[in-house]
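Only one structure is covered here, and it is reproduced in the block below.
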Amino acid sequence: MRRKLIAGNWKMNGLTADGLKLAESLAQRAQQAADYGDPKPPACDLLVCPPFTLLWPVRDAIVGGGIALGGQDCHAVQSGAHTGDVSAAMLRDLGCDFVILGHSERRQNHGEDDATVRAKAEAALDSGLTPIVCVGETEAERDAGETLAVIARQIERALPISALAQEETGLVIAYEPVWAIGTGRTATPDQVQEVHAALRRHLADLLGAGRADATRLLYGGSVKPENAQELMVLADVDGALVGGASLKTEDFWAIATACPL
Ligand code: PGA
């Protein structure tokens, strides 16, 4: 049984005061839910991925509250002459358990390809981080009927198959159609389930059925309180990667509590 994961991708948002306020209010919500069952404890794991500058204060705000911490990217090597970059070992050292890799904004704005994502995922696994590997088609690719082929190609090339096959490493995959990110246009439940089921079949070919069955597949792209429930009940959807709506405690909590028990 896969427990759902609701992950907040804060992107490049938040100065210290805002970030701390957001983390503290979320931690408070989680604490109240754990202590009094009010508001209802979400039937999922919670994760926040703030910008690098906020990892430290956010970690202190959420510590011990059952909310995990993640980075939004890491370098493919662990240290050295890479001005401006942050390594997986550094994220781990700071208390991160997860790192988002290959987000379409990294692919578009920083020219990251699947080989880069794979190298970064290897570094993440080496440091004991669980990579959240993002895949997703553009609108043109969907219109051309290429969605499933694009997704299959991305996971084949972006996943460090041998590193994943060797040990009991963590792995999360996020399906984020590029046309649905930050646009308010969410993929329909049918579109999401079709891709997630195909992803799981393809993972079974690459990593074996047991591993495919245990891997959490998140959907991302304009997830909000209004559409969370219809997405979270889908058989192959194991959570969400939430951008805009993760910046408001009420919305993020509403998405988390939309997960079925
Ligand atoms: P969005 O972003 O929820 O704002 O569409 C999702 C993401 O990019 O991870």
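Every number for a ligand or one of its atoms is a count from 1 in the order of the listing.
- The CD atom of Gln72 sits 9.0 Å away from the CZ atom of Arg106 when rounded to the nearest 0.5 Å.
- Below 3.5 Å of separation, one finds no N or O of Gly221 facing any N or O of ligand 1.
- Ranking protein heavy atoms by distance to atom 3 (O) of ligand 1, first place goes to Gly243 N, 2.9 Å.
- Contact check on Glu112 versus Arg107 returns no salt bridge, with no Lys/Arg side-chain nitrogen under 4.0 Å from an Asp/Glu carboxylate oxygen.
- Counting atoms of ligand 1 from 1 in the listed order, those under 4.0 Å from a heavy atom of Ile181 are 2 (O), 5 (O), 8 (O).
- In summary, the atoms of ligand 1 found under 4.0 Å from a heavy atom of Gly182, numbered by their order in the structure, are 1 (P), 4 (O), 5 (O).
- The ligand atoms of ligand 1 that sit less than 4.0 angstrom from a heavy atom of Leu241 are 6 (C), 9 (O).
- A salt bridge links Asp213 with Arg2; the closest basic N to acidic carboxylate O contact falls under 4.0 Å.
- For Lys120 and Asp73, the salt-bridge test passes: some basic side-chain N is under 4.0 Å from an acidic carboxylate O.
- A salt bridge is absent between Asp114 and Arg153; no separation between the charged side-chain nitrogens and carboxylate oxygens falls under 4.0 Å.
- His103 counts as a contact of ligand 1, since one of its heavy atoms falls under 4.0 Å from the ligand.
- Put simply, the side chain of Asp126 does not reach to within 4.5 Å of the side chain of Glu122, judged on heavy atoms.
- Checked by distance only, ligand 1 and Gly244 come closer than 3.5 Å through their nitrogen or oxygen atoms.
- Of all protein heavy atoms, the one closest to atom 7 (C) of ligand 1 is Glu176 OE2, 3.1 Å.
- Atom numbering of ligand 1 starts at 1 in the shown order; those under 4.0 Å from a heavy atom of Ala180 are 5 (O).
- Taking a 6.0 Å sphere around CD of Glu230, one finds it holds more than 12 heavy atoms contributed by other residues, nucleotides or ligands.
- Between Asp238 and Arg3, none of the side-chain N atoms (NZ, or NE/NH1/NH2) sits under 4.0 Å from a carboxylate O, so this pair counts as no salt bridge.
- At a 4.0 Å cut-off, at least one heavy atom of Ser222 sits close enough to ligand 1 to count as contact.
- Residue contacts with ligand 1: Glu105 is placed with no nitrogen or oxygen under 3.5 Å of a nitrogen or oxygen of the ligand (distance criterion only).
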